[in-house]
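Naming: A, B, ... by sequence-line order, numbering from 1 per chain.
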Number of protein chains: 2
Amino acid sequence: MKASDNLFELNANKGTEPTGVRKKHDDLLVSLRRVIRAIDLHSKQLSKETGLTAPQMIVLQEIGAHDGVMVKDLAKLINLSSATVTSILDRLEARGYAVRLRSNHDKRKVDLHLTPEGRAAIKDAPTPLQSHFIRRFEALQEWEQTQLLSTMQRIAEMMDASEIDAAPVLDVGTLAQHSWAENSSR
Amino acid sequence: MKASDNLFELNANKGTEPTGVRKKHDDLLVSLRRVIRAIDLHSKQLSKETGLTAPQMIVLQEIGAHDGVMVKDLAKLINLSSATVTSILDRLEARGYAVRLRSNHDKRKVDLHLTPEGRAAIKDAPTPLQSHFIRRFEALQEWEQTQLLSTMQRIAEMMDASEIDAAPVLDVGTLAQHSWAENSSR
DNA sequence: ATAATAAGATTAGAATACGAATTAATTGAG
DNA sequence: CTCAATTAATTCGTATTCTAATCTTATTAT
């Protein structure tokens with residue numbers, strides 16, 4: 001557990017906190033950024049191997065699962081803005097993995113479909129997570145997997161800007177019921 | 001009656017897996033991406049309020065904590081590539097928050113310093129995490145905070161490409177010994 | 001029927017982020 | 001001492017991501 005930690009030792013908050021107290025949420029951010037970077041690096045690695053980045057793959061998979069979906073709904077489905085999806089679609093369409101079809105009923109809408117190439121691409125695509133991570137993750141006990149997952153979901157929820165933000169007093173109980181399916185033991 | 005109302009059901013279980021088995025690591029990736037997005041959105045929000053994005057703030061803080069640090073070491077400290085740091089520094093220097101000084105001994109190196117403006121900027125800067133997240137986080141029990149943090153660190157470690165799975169030695173010990181609702185020692 | 005408004009997609013512009021290629025400076029081998 | 005290798009920083013090209021602005025189409029109100 002020490003191998004990579006030495007880099008971050010230096011990271012201790014010198015000047016910013018007068019108290020010198022190391023905040024847990026600062027450490028949390030450090031880990032988060034490490035994870036973000038790992039995901040990004042893997043996406044770029046993927047791109048070199050398969051020609052598709054992780055976001056491109058996700059878009060493709062989602063179109064595959066919802067043929068004819070429109071841009072706005074796809075964006076909502078994968079939690080990105082429409083603008084972002086548009087730019088990803090540009091590349092996907094240029095390479096012949098997906099097609100845009102203007103809807104007949106409502107010409108504002110664009111219906112998305114996969115080409116045969118697109119279908120082939122997601123058939124044998126690796127997941128957008130590092131395979132060595134998946135191996136390690138699946139080697140864990142079931143309850144540990146559940147625990148990791150539910151912790152992540154909890155953090156995601158705590159960060160969601162939408163929430164009852166203005167609530168002056170924090171009651172953890174109220175957050176838990178908002179919008180996630182609870183299959184977890186917790 | 002809006003079109004978006006039924007989106008969440010679509011989201012539940014989709015056909016990417018022929019078996020219909022929803023993998024936990026897929027859900028994990030979804031939460032991770034949600035968190036990544038929340039952090040990014042907050043960074044952009046910050047930028048509108050304070051004129052500094054989260055990465056810019058982090059760079060500034062780190063220079064403040066290690067006056068005269070060189071680009072390469074700074075990059076390692078905050079887990080970014082030198083190229084990225086260079087481009088962040090461009091903006092920071094252009095706005096007069098930081099200065100580059102070519103080292104005397106070794107003219108390849110660049111020593112980084114804060115200007116008075118830069119020092120002022122980090123003095124009253126909010127943390128690069130959503131304040132409502134921090135509020136919620138700090139409202140948690142100590143052991144819960146520790147638990148969230150250590151889960152994140154664990155995921156970060158599992159994703160680190162470095163230690164390739166030659167030894168799938170999971171140092172599970174830390175988590176396994178106290179059951180989920182137990183206080184941890186650190 | 002026409003004007004105002006809304007909705008969907010795209011474009012524009014900015015920031016972050018990477019690896020690869022490049023430039024400049026230092027070091028090391030012969 | 002000289003030339004090759006190495007190192008530090010930057011530049012270049014590409015991708016992701018956002019908000020705001022814009023364009024086209026549809027709906028609503030006057």
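You won't find any donor-acceptor pair under 3.5 Å spanning the side chain of B/Arg108 and the base of C/dT26, going by distance alone.
Looking at the side chain of B/Ser81, the nearest of the listed nucleotides C/dA9, D/dA9, C/dG19 is C/dG19. Minimum atom distance to the side chain of A/Ala83 is reached by C/dT11, of the listed C/dT11, D/dT11, C/dA17. Relative to the side chain of A/Met70, the nucleotides D/dA15, C/dA17, C/dA9 differ in distance, and C/dA9 lies closest. In this structure, the nucleotide among D/dT16, D/dA8, C/dA20 sitting nearest to the side chain of A/Pro55 is D/dT16. Set against C/dA9, D/dA15, D/dA9, the side chain of B/Thr86 has D/dA9 as its closest nucleotide. Considering only the side chain of B/Thr84, C/dC18 comes nearest among C/dC18, D/dA9, D/dC18.
Contact annotation for B/His105: backbone-only contact, meaning every heavy-atom pair under 4.0 Å involves sugar-phosphate atoms and none involves a base. Within 4.0 Å of A/Arg91, counting heavy atoms only, lies at least one base atom of the nucleic acid. Contact annotation for B/Ser43: no contact, since no heavy-atom pair falls under 4.0 Å across all strands. Using a 4.0 Å heavy-atom distance criterion, A/Arg100 is classed as a sugar-phosphate-only contact. Residue contacts shown for B/Lys44 include a base, since a base heavy atom lies under 4.0 Å away.
Across the protein-nucleic acid pair, B/Ile36 atom CD1 and C/dC18 atom P stand 13 Å apart, rounded to whole Å. Between B/Leu74 atom CG and D/dA8 atom C1' the separation is 13 Å, expressed in whole Å. Separating the NZ atom of A/Lys48 from the P atom of D/dG13 is a distance of 19 Å, rounded to the nearest angstrom. Remark: C1' of D/dT16 and CE of A/Met57 are 15 Å apart, rounded to the nearest angstrom. Remark: C1' of D/dA9 and CG of B/Asp90 are 11 Å apart, rounded to the nearest angstrom. Rounded to an integer number of Å, the gap from OH of A/Tyr97 to P of D/dA15 is 13 Å. Atoms NZ (A/Lys107) and P (C/dT10) sit 16 Å apart, rounded to a whole Å. Atom NZ of A/Lys109 and atom C1' of C/dA7 are 9 Å apart (whole Å).
By the side-chain hydrogen bond (donor to acceptor under 3.5 Å, both in side chains) test, B/Thr86 pairs with no residue at all, sequence neighbours left out.
Put simply, B/Gln56 has a side-chain N or O that comes within less than 4.0 Å of OP1 or OP2 on C/dT16. Residue B/Ser87 places none of its side-chain N or O atoms closer than 4.0 Å to OP1 or OP2 of C/dT16. For C/dT16, the OP1/OP2 oxygens have no side-chain nitrogen or oxygen of B/Arg37 closer than 4.0 Å. At the phosphate of C/dA17, OP1 or OP2 sits under 4.0 Å from a side-chain N or O atom of A/Arg33.
With B/Thr50 contributing its side chain and B/Leu46 its backbone, the two residues share a donor-acceptor pair below 3.5 Å. A/Thr53 places no side-chain N or O within 3.5 Å of a backbone atom of A/Ser47 that could act as its donor or acceptor partner. Judged by distance alone, with hydrogens and angles left aside, the side-chain atoms of B/Glu62 form no donor-acceptor pair with the main-chain N or O of B/Leu77 at under 3.5 Å.
Projected onto DNA chain C by closest heavy-atom contact, A/Val110 and B/Asp40 fall at different nucleotides, the more 5' of which corresponds to A/Val110. Closest-nucleotide positions on DNA chain D for A/Leu80 and A/Asp106 were compared, and the one nearer the 5' end corresponds to A/Leu80.
With no hydrogens or angles considered, no side-chain donor-acceptor pair links B/Asn79 and A/Arg34 at under 3.5 Å. A donor-acceptor pair shorter than 3.5 Å can be found between the side chains of B/Gln45 and B/Glu49.
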